[in-house]
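All chains are named by letter (A, B, ...) in the order of the sequence lines, taking the proteins before the strands, and each is independently numbered beginning at 1. What you see is a predicted model, and the numbers here were worked out from it, not measured in a lab.
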Amino acid sequence: MQNEEQHYLEMRNIVKSFGPLIANNNITLKVEKATVHALIGENGAGKSTLMNILSGIYKPDYGEIIIDGKKMHFRNSFDAAKNGIGMVFQEFMLFDDLTVIENIVYAYEKTRYGMFIDKKKNREKVEQICRDYHFNIPLDAKVSEIPVSLLQQVEIVKVLYKGAEIIILDEPTSVLTPQGVQGLFKAIRFLIKNGKTIILITHKLKEVFAIADEITVLRDGKVTGNVKPSEITENELANMMVGREVLLEADKDPVEPGEVILEVKNLTVKDKEGVVRVKNVNFDVHAGEIVGIAGVAGSGQQFLVEALFGLSDAEKGSQILFNGKDITNGTPRDARLMGIGYIPQDRLNAGGNPQGTIWENAIMGYHVAHGFKSKVFLDHKEIDEFSDRVVAQFNVKTQGLNEKLKSLSGGNIQKLIVGRESIQDNKLLIIEDPTRGIDVGAIEFVWEKLLAITREGKGILLVSHELNEVMQLSDRIYVIYNGVLIEAGNYHEKTEQEIGLLMLGGGEDDVWK
Amino acid sequence: MTSGNETIAKPKRFDLTSGIWVEVARYFFSFIGVLLLGALLIYAQGEDPLKAAKLIVAGAFGNRVAIGNSFRWATPCLLTGAAAIVAFKSGVNNLGIEGQMYLGAFIAAVIGYFYKLPAGVHMIVCLVAAGFSGVIWMIIPAVMRLFFRINEYITTMMMNFIATLFCDFFVIWVIIPSLGITTTTAATPNIMKGARLPSLIKGTSASWGFLLGIFCCVFVYILYRYTIQGYELKQVGENLKFALVGGVNVKKTFLSIFVLSGFLGGLAGGVEVTGGYYRYVSGFSYTMGWEGIMIANICKQNPIALIFVSIIWGALKTGAMNMERGTALNRLTVNLLQMIFVILVSIDFEGIFKFFDDRINKKKELDKIIRQTGAQNAN
């Protein structure tokens, strides 16, 4: 044990909960001065919460922060900044219409007589920082005019200007090109040499091995490992991040796939900022099979699914064929009418209406795709008949069809949504994380139902963050990493370690470059 | 994460945080609160609260004329309230009912005076035209919302000013000079007899507009309760993403909300002219449009409750005038109490209760975690 040894930064026994969710469960993080400490874990593992506590945005429910032997109580983020904590957020916090230098000094301007901005002094200090740390940025350009990689440097200069000693970089490479990443790493190395301490949040293994001095791994709000990169292999690290005990095994028979129902060719999707999130993806789904796509959250699966279901637009040259018909850039309504069902990951915002009743939630989509006898009035006989079928076949525990959805437990809401989509006469189901946050019993139930659906000759595209789920259910497996789809073999062809490595950008497939 | 420890919430024996009892208690205590405050307020002005209350009731329901007047003032509340309910139930913030009303009234007054049509038909044309002018006024914010993503909060509100000023301008600078008359009020001449709504109770100012208002409330109720369109409207309002994913044509649905709400707003103005003032008078509404938004909030967006609240609102208005005649009190006292009632009813008691409940639960949860992890560390 190295308990006696004093570290530069120590966060001890941090606990933070949001309602029923425990985001940080007794986390202890120790960082040496002038090192790069990588904080890694899947999305939702608790990294961002922990760093928000360090930078004074959240207050911990329990635990203490010690910097250089002194106990800290940050009242707010200004207070943390004053004490040398600087955070560079994943989403840049810059004013588009101001110049670079105005953004850097914002809220921390040097003043004359306590009220006038001393532009000269500001500029001198910013220029000094740029010289010291070899940043070459056009100070008088407007933020909206300079490229993303420079914006990141602006953010770093901004925290240095505020006097940061510990700099937190939240997934800094997610917006950068490979060249940009190299530039960033150079800057990081230089900062270290000058005595600054860096905490790097990421889930890309290659980056960790390239730059980190020490690694702390989080999973489900707890620390699962604290290692040095030289002491560990990619495989072992991947295991710490995503590996879970296999609690469940699905009872899956080999299937004889039928004809192609969904064909995706050269699908490319950009987000609102114009960053490519899905790159040239090709795959198909046959009748009667489950095609699984595994991947760390934020790898582009969300954009892929949204483009397939008509929720966001695909780029030119992309083609999505459903039963041979081109449905590229259709609407969700079109998709429903053609027989595509969709179970979204976000069951309370997209999958259901918490304020609505059970029946209101049960008939959504069905009333579009199948419809009722009366096109004008709600036929409660038909509605109740259909809703009862969903409730009964999917074992939804409810006090009645007029109960509000929000009073149901997560597992029951999920069963209702899965039931609604699978009882309809859909030919293809697009499913995201069907078992997220529900108990083991409910998971088993949902899995069984999904396998039963394929036996009826329907096709399923399963997108999940749970690797085990994809491996247990899928006839063919793909991995999505950085928007690129990688083949990962058929059912039980590759091991969990092999696929896990692909998910984190490791292995021989060098998509990272 | 929450996996693995999912529990079904145990029903508490006395669940004060939800259900009908909260609502009943809310209105009961708000009413008591207003009575107490009102008594205090009246007493402070040197009058007898009981006498004032008697005068209000007598003024509102004491005789045929009083009841008629109460219905007359309930009428605009019914229509503007219905317009607000349609909008808010479906997640559209129509703050422009006032403007839609003005435009509707103006159009109805113009058609009612300048065009000669058969009696009855004339009235219907006036009302429909008033409704559609409200629709046109609402289409502009709708287009800005759907295609340029400009929040209708701002646009509908701004359109109010444009509408009132536009109508006044037209009346003062175009209509009055064209008639060659001199007048001290900025108003159009009275509309023709054939364009007027028939009287509901003889010798009072209550018109068939009251029935039209109730009909609109019932229509809104049926729309949301019994039709597929209403189901979609409700889902779009409560959770847009859910409706979109479910295959609802969200744009079309959204637009129809704007259209319906605007129509009811315009109709409210049309009824004021054809069944109330018989002409467009500058500043006729005071704040009728805004009152609609307020009472929609009081009745928790329930169109049937709206009918009762509107009648009470109308009764208070006529009763207050009677009180003013019989005592030294100003009728603004009653207005003041109405506003206090709105505030009391709008307090989110559930939210406050939940806030403290959550804090207590969180403390317990935290103690548990610390005890558990403490035990682990000891090992």
Side-chain angles (χ1 to χ4, degrees), chain A residues 13 15 17 19-22 25-26 44-45 61-62 220-221 309 311 331-337 342 344 346 348-356 360-361 363-369 371-372 374-380 397 404 407-412 435-440 442-443, chain B residues 1-11 15 17-19 89 91 222-232 234-253 354-355 357-359 361-377:
Chain A
N13 304 93
V15 179
S17 64
L21 177 84
I22 302 167
N25 193 344
N26 198 19
D61 294 339
Y62 183 80
D220 292 345
F309 199 65
L311 285 163
T331 64
R333 189 181 179 84
D334 299 337
R336 291 256 173 222
L337 288 170
Y342 174 42
D346 189 344
L348 288 183
N349 278 319
N353 173 15
Q355 284 153 276
E360 282 177 338
N361 276 284
I363 64 165
M364 179 52 81
Y366 178 75
H367 82 287
V368 171
F372 298 106
S374 167
K375 296 285 165 229
V376 179
F377 291 101
L378 293 166
D379 181 343
H380 276 280
K397 289 200 182 60
K404 288 259 157 85
S407 57
L408 258 55
S409 70
N412 279 309
T435 56
R436 173 172 244 182
I438 62 179
D439 66 29
V440 180
I443 292 176
Chain B
M1 304 300 274
T2 47
S3 60
N5 52 22
E6 187 200 359
T7 49
I8 294 166
K10 263 183 281 171
D15 190 1
T17 57
S18 67
K89 240 185 159 57
I222 290 173
L223 175 71
Y224 277 94
R225 189 69 203 269
Y226 297 108
T227 70
I228 291 173
Q229 181 69 36
Y231 163 75
E232 290 191 349
K234 180 167 178 274
Q235 304 310 316
V236 167
E238 287 177 352
N239 192 342
L240 189 91
K241 185 91 190 274
F242 169 64
L244 180 70
V245 166
V248 173
N249 190 338
V250 171
K251 275 197 177 160
K252 197 184 109 200
T253 308
K354 200 164 169 292
F355 175 76
D357 203 40
D358 278 355
R359 277 179 67 143
N361 283 343
K362 194 162 187 177
K363 255 203 188 119
K364 279 187 201 154
E365 192 83 4
L366 193 62
D367 286 342
K368 213 171 87 188
I369 294 165
I370 292 167
R371 244 180 290 128
Q372 281 172 357
T373 53
Q376 278 169 20
N377 288 351

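- Using a 4.5 Å cut-off between heavy atoms, R333(A) contacts chain B through both its backbone and its side chain.
- With a 4.5 Å cut-off on non-hydrogen atoms, N361(A) touches chain B through its backbone and its side chain both.
- Atom CD in E360(A) sits 3.5 Å away from atom NZ in K234(B) (nearest 0.5 Å).
- Note that CG of N353(A) and CD of Q235(B) are 5.0 Å apart. Values are rounded to the nearest 0.5 Å.
- Of all the heavy atoms in N239(B) and P354(A), the pair that sits closest is ND2-CD, 4.1 Å.
- Atom CG in L244(B) sits 8.5 Å away from atom CZ in F309(A) (nearest 0.5 Å).
- Heavy atoms of V250(B) lying under 4.5 Å from chain A are absent altogether.
- Only the backbone of S374(A) has a heavy atom closer than 4.5 Å to any heavy atom of chain B.
- Contact annotation for K375(A): only backbone heavy atoms (N, CA, C, O) come within less than 4.5 Å of a heavy atom of chain B.
- Judged as a side-chain hydrogen bond (donor to acceptor under 3.5 Å, both in side chains), and not counting sequence neighbours, Y231(B) has no contacts.
- With a 4.5 angstrom heavy-atom cutoff, L408(A) does not touch chain B via any of its atoms.
- The side-chain hydrogen bond (donor to acceptor under 3.5 Å, both in side chains) test applied to T253(B) returns no partner, not counting sequence neighbours.
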